[in-house]
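First the structure, in the form of structure tokens, and then the observations on it.
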Number of protein chains: 2
Amino acid sequence: MAANKIDDEQLLAGLLSVFQTHGYGAASLSLIAEATGLQRASLYHRFPGGKEQMAEAVLEQADRQFDECVLAPLRSDARPGLRVRRMAEQLAAHYDGGRCSCLLETLSMAGGPPSVRAHVKRTFGLWLKAMAAVAREAGASPAVARKRAEDAIMQVQGGLVFARAARDRKPFERVLSGLPALLTGAR
Amino acid sequence: MAANKIDDEQLLAGLLSVFQTHGYGAASLSLIAEATGLQRASLYHRFPGGKEQMAEAVLEQADRQFDECVLAPLRSDARPGLRVRRMAEQLAAHYDGGRCSCLLETLSMAGGPPSVRAHVKRTFGLWLKAMAAVAREAGASPAVARKRAEDAIMQVQGGLVFARAARDRKPFERVLSGLPALLTGAR
DNA sequence: GTCTATAGCTTGATAGAC
DNA sequence: GTCTATCAAGCTATAGAC
């Protein structure tokens with residue numbers, strides 16, 4: 001088993017940065033080759049399914065990373081407010097304080113293959129469920145918990161769009177610090 | 001002055017739909033030609049500056065439309081809560097209940113020319129200012145008014161991203177109906 | 001003002017040397 | 001496993017007929 005010149009971690013990091021910033025349609029193999037350090041033909045050796053498979057791989061990696069880093073704190077045995085605060089800290093790191101766009105946002109744009117859009121929808125559902133579970137533990141009814149989780153996702157996504165479009169990351173940071181109160185229903 | 005086969009309104013509507021759904025980088029001239037009913041070469045006659053000028057034109061049109069339809073209700077002499085409710089109704093129509101992405105969101109992605117990204121930032125500023133003015137009239141301090149306006153924009157943008165990515169428009173509708181209370185500070 | 005035709009480049013993807 | 005070379009198709013943009 002000949003060693004890969006570029007290991008999977010580097011490869012997926014390059015793929016992530018390109019899909020995250022350009023979306024599916026505008027992510028060209030030239031951009032990906034540049035970001036990963038591999039030639040286009042080498043990318044097809046690692047991903048025979050082409051660009052679609054590359055996007056799938058980066059979504060799977062993002063799922064794992066998101067679960068291990070961002071959602072993991074939600075499953076601790078601390079009190080709900082503290083758990084959410086830790087998730088917010090992980091979110092801040094994950095999105096580099098608002099400097100990065102969300103992969104789910106950019107890959108949900110028109111032009112991508114149905115499999116990719118379906119994956120994005122599914123991942124959104126997992127995130128929603130994890131946050132609603134904490135809201136429930138904080139005392140909310142199922143309906144209210146879901147509503148709070150939806151609000152949390154919308155505020156995070158909106159904060160990221162605002163940061164990118166208005167080039168002002170402060171509101172995003174404010175959203176993150178407000179998440180514990182939002183999800184637990186604290187005043 | 002020979003009559004245009006496609007009038008400016010149709011032309012800009014086609015441009016809008018393409019840039020809105022695909023962003024700048026993935027908006028190809030073929031897609032634009034198909035959406036507008038003009039051949040690629042004819043598009044260059046109307047927009048000698050090419051794709052960049054097309055994006056600028058659609059942003060200018062969007063600014064006008066946004067000001068005339070969405071922001072106009074904010075300048076009426078009704079009480080603040082009612083003004084915001086009318087804006088929310090216009091927003092619902094503008095984004096077709098969450099079926100459309102926001103042009104400002106898609107054009108703020110990487111890959112577009114600096115002039116386009118600068119225009120997007122400026123338009124965000126106008127929107128922010130208009131909503132902050134209503135919040136002030138409802139009794140908020142300048143700082144609080146700005147914060148409320150930022151929250152409103154983030155929730156709307158987040159709601160649109162959620163609708164597209166999770167394919168669920170309900171939370172976006174809920175955001176719109178909550179805007180009057182959010183901006184006026186009502187409980 | 002719109003069209004057909006075309007230039008020159010880039011795209012996604014493949015073949016084959018090493 | 002990665003590379004260079006290549007393909008057909010797509011791209012942005014231009015030239016010139018009508």
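In what follows, chains are A, B, ... by sequence order, proteins preceding strands, each numbered from 1. Values below: all heavy atoms of this structure, side chains included; hydrogens, waters and symmetry mates excluded.
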What is the distance, rounded to the nearest whole Å, between atom NZ of Lys51(A) and atom P of dT11(C)? 10 Å
Looking only at dA5(C), dC11(D), dT2(D), the nucleotide nearest the Ala41(B) side chain is dA5(C)
Gap separating the CD atom of Gln65(A) from the CG atom of Leu16(A), nearest 0.5 angstrom: 7.0 Å
Phosphate oxygens OP1/OP2 of dG1(D): is one of them under 4.0 Å from a side-chain N or O of His45(A)? yes
Under 4.0 Å, counting only non-hydrogen atoms across every strand here, what does Ser42(A) touch: a base, just sugar-phosphate, or nothing? base
Could you check how far CD of Gln39(A) sits from P of dT4(D), rounded to whole Å? 5 Å
Is any side-chain nitrogen or oxygen of Ser30(A) closer than 4.0 Å to OP1 or OP2 of dT11(C)? yes
With sugar-phosphate meaning primed atoms plus P, OP1 and OP2, does Ala33(A) contact a base, only sugar-phosphate, or nothing at under 4.0 Å between heavy atoms? nothing
What's the CD-C1' distance between Gln53(B) and dT12(D), to the nearest Å? 15 Å
For Leu31(A) and dC11(D), what is the distance between atoms CG and P respectively, to the nearest whole Å? 16 Å
Check every strand shown and say whether Arg40(A) touches a base, only sugar-phosphate, or nothing at a heavy-atom separation below 4.0 Å. base
Could you tell me whether Ala26(B) contacts a base, only the sugar-phosphate backbone, or nothing, with contacts defined as non-hydrogen atoms closer than 4.0 Å? nothing
Roughly, in whole Å, what's the span from CG in Asn4(A) to P in dG1(D)? 6 Å
Figure out the CG/C1' separation between Leu38(B) and dA13(D), and round it to whole Å. 16 Å
Are Phe162(B) and Phe172(B) near enough that their ring centres are under 6.0 Å apart? no
Separation of dG1(D) atom P from Gln10(A) atom CD, nearest Å, is 16 Å
Could you tell me the separation between the CZ atom of Phe47(A) and the CD1 atom of Ile32(A), rounded to the nearest 0.5 Å? 9.0 Å
For Leu29(A) and dG10(D), what is the distance between atoms CG and P respectively, to the nearest whole Å? 16 Å
Any side-chain N or O of Tyr44(B) below 4.0 angstrom from OP1/OP2 of dT14(D)? no
Say you draw a straight line from NE2 of His45(A) to CG of Leu43(A); how long is it, rounded to the nearest 0.5 Å? 11.0 Å
Can you establish whether the number of heavy atoms outside Arg83(B) located under 6.0 Å from its atom CZ is more than 12? yes
